[in-house]
Amino acid sequence: MNQLFTPVRIGSYVLPNRLVMAPMTRSRADDAGVPSELVPIYYGQRATAGMIITEGVFPAAMGKGYVRSPGIETEAQIAAWQKVTSEVHARGGRIFMQLMHCGRVSHPSLLPENARPVAPSAIKPEGQAWTNSGLMDFVVPHALSVAEIADVVDNYRQATRRALEAGFDGVELHAASGYLPEQFLSSGSNQRSDKYGGSVEGRARFVLEVLAAMVAEAGGERVGIKISPEMNFNSITDTNPQETYEYLVENLQGLNLAYLHVALFGTAVDYHVLLRPRFNGAYLIGSGLDKDTAESLLNDGQADAVVFGSAFLANPDLVARYHQSAALNVADKSTFYSPGAEGYIDYPFLPTTNNV
């Protein structure tokens with residue numbers, strides 16, 4: 001049996017298939033972080049996915065890291081997201097919101113009152129931020145105090161509550177790609193000497209506290225986490241990543257999370273072998289999959305569901321195309337982050353599927 005099209009339980013939901021749409025930044029919000037009227041169409045078109053995980057959404061204004069990225073803090077943002085969840089649910093889909101705090105990977109021009117980005121330690125990352133004025137060099141971030149860390153944890157809690165108010169089926173913590181949670185996890189970006197730094201227990205504390213706050217609002221069955229060991233994106237380094245991620249995943253057990261979403265990018269270590277036995281929920285694998293590799297992972301029992309990015313971006317009817325072994329549309333990279341409808345809601349469907 002082809003496992004791609006069989007049901008699977010993820011948290012409190014039974015998905016009709018095992019094809020999950022990956023979180024992908026698409027930059028279709030306004031400067032106030034309000035998703036545009038195109039966003040409900042985009043996600044609604046892809047509602048046949050077993051589950052959709054949204055693009056990264058900042059939980060509070062200080063978490064914004066990119067121009068035209070969306071938030072879940074204001075009433076206008078919540079109202080716009082309600083249109084998204086209503087459209088997805090009307091088409092029989094399920095949708096989780098990914099909460100993404102960029103931390104030091106931001107720029108003062110993107111933040112309230114031109115504030116400095118925040119981080120566990122005042123260490124400037126290499127690279128540049130996408131701003132309204134184009135690419136701008138990252139700056140030395142502000143090192144969060146213990147009291148400020150508590151405020152950020154509460155931002156995630158409140159964002160979880162607002163996501164549920166907006167109709168989302170659950171939330172995912174983005175703890176990869178060099179954003180704030182991974183900045184705390186990694187020894188290269190976290191050089192604190194207090195309870196949030198030093199040992200692996202200290203460096204993992206922030207992530208575990210954030211997840212506990214999210215679970216307190218939503219219940220573990222509606223919370224997931226994404227990690228990407230050794231991705232080394234946005235200047236992230238760690239002296240012992242195997243120890244870091246083994247410890248983190250072992251300490252997720254008491255939270256009873258819906259799923260662990262793991263994306264690997266050419267690591268020498270097979271983290272799936274290390275991590276899956278340490279996690280008691282659904283295990284999702286993403287990054288660079290095609291139909292054949294996804295089927296192999298499912299058939300071999302290495303994953304419970306598989307996560308696709310650009311394939312869903314360019315093929316809103318990906319489930320039907322895979323089911324029929326039909327050709328796929330090719331993603332247009334030039335429109336990934338552009339503001340309009342082109343390359344967003346205009347990818348063609350198969351003749352036998354329904355467009356919006």
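Under the 3.5 Å distance criterion, the side-chain polar atoms of Arg205 are matched with a main-chain donor or acceptor of Lys195. Within the 3.5 Å criterion, the main-chain N or O of Pro120 finds no donor-acceptor partner in the side chain of Arg104. Under a 3.5 Å cut-off, the side chain of Arg18 and the backbone N or O of Pro16 do not form any donor-acceptor pair.
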Worked verdict on Ile345 versus Arg28 for side chain to side chain contact (heavy atoms under 4.5 Å, CB included): CA-CA 11 Å; Ile345 60 170; Arg28 262 68 178 194; over 6 Å; no
Residue pair Phe168, Thr54: steps toward the side chain to side chain contact (heavy atoms under 4.5 Å, CB included) verdict: CA-CA 10 Å; Phe168 281 90; Thr54 71; 3.5 Å; yes
Verdict with reasoning, Arg321 to Asn329, per side chain to side chain contact (heavy atoms under 4.5 Å, CB included): CA-CA 10 Å; Arg321 287 177 185 267; Asn329 301 320; 3.4 Å; yes
Chi angles and distances behind the side chain to side chain contact (heavy atoms under 4.5 Å, CB included) call for Asp238, Arg203: CA-CA 11 Å; Asp238 191 38; Arg203 288 183 283 110; 3.4 Å; yes
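More than 12 heavy atoms of other residues, nucleotides or ligands sit less than 6.0 Å from atom CZ of Arg278. In the displayed structure, Glu201 atom CD is contacted under 6.0 Å by more than 12 heavy atoms of other residues, nucleotides or ligands. Residue His323 places its NE2 atom among 12 or fewer non-hydrogen atoms of other residues, nucleotides or ligands, all under 6.0 Å distant. The local environment of NZ in Lys291 is crowded, with over 12 non-hydrogen atoms from other residues, nucleotides or ligands closer than 6.0 Å.
In summary, Asp304 and Arg276 engage in a salt bridge, as defined by a charged side-chain N under 4.0 Å from a carboxylate O. Taking 4.0 Å as the cut-off between side-chain N and carboxylate O, Arg91 and Glu87 count as a salt-bridged pair. Salt-bridge annotation for Arg26 and Glu55: absent, with no side-chain N of the basic residue lying under 4.0 Å from a carboxylate O of the acidic one.
A distance below 6.0 Å separates the ring centres of Tyr42 and Tyr344.
No chain of hydrophobic side-chain contacts below 4.5 Å, direct or via other Ile, Leu, Val, Met, Phe, Trp or Tyr residues, connects Leu260 to Met51. Note on Leu297: it clusters hydrophobically with Phe308, by side-chain heavy-atom contacts below 4.5 Å among ILVMFWY residues.
Between the side chains of Ser12 and Arg222, no donor-acceptor pair is found at a separation under 3.5 Å.
Under the 30°/60° scheme for interplanar angles, the aromatic rings of Tyr43 and Trp81 are found to be tilted. In this structure, Tyr259 and His261 have tilted ring planes: the angle between them lies in the 30° to 60° band.
Minimum heavy-atom separation, Gly178 to Ile236: CA-CG1, 3.2 Å.
Here the CG atom belonging to Leu15 is positioned 7.5 Å from the CG atom belonging to Asn17, to the nearest 0.5 angstrom. Between the NZ atom in Lys226 and the CG atom in Leu99 there is a gap of 13.5 Å [rounded to 0.5 Å].
The only member of Phe349, Tyr322, Phe312, Tyr347 that meets side chain to side chain contact (heavy atoms under 4.5 Å, CB included) when paired with Asp317 is Phe349.
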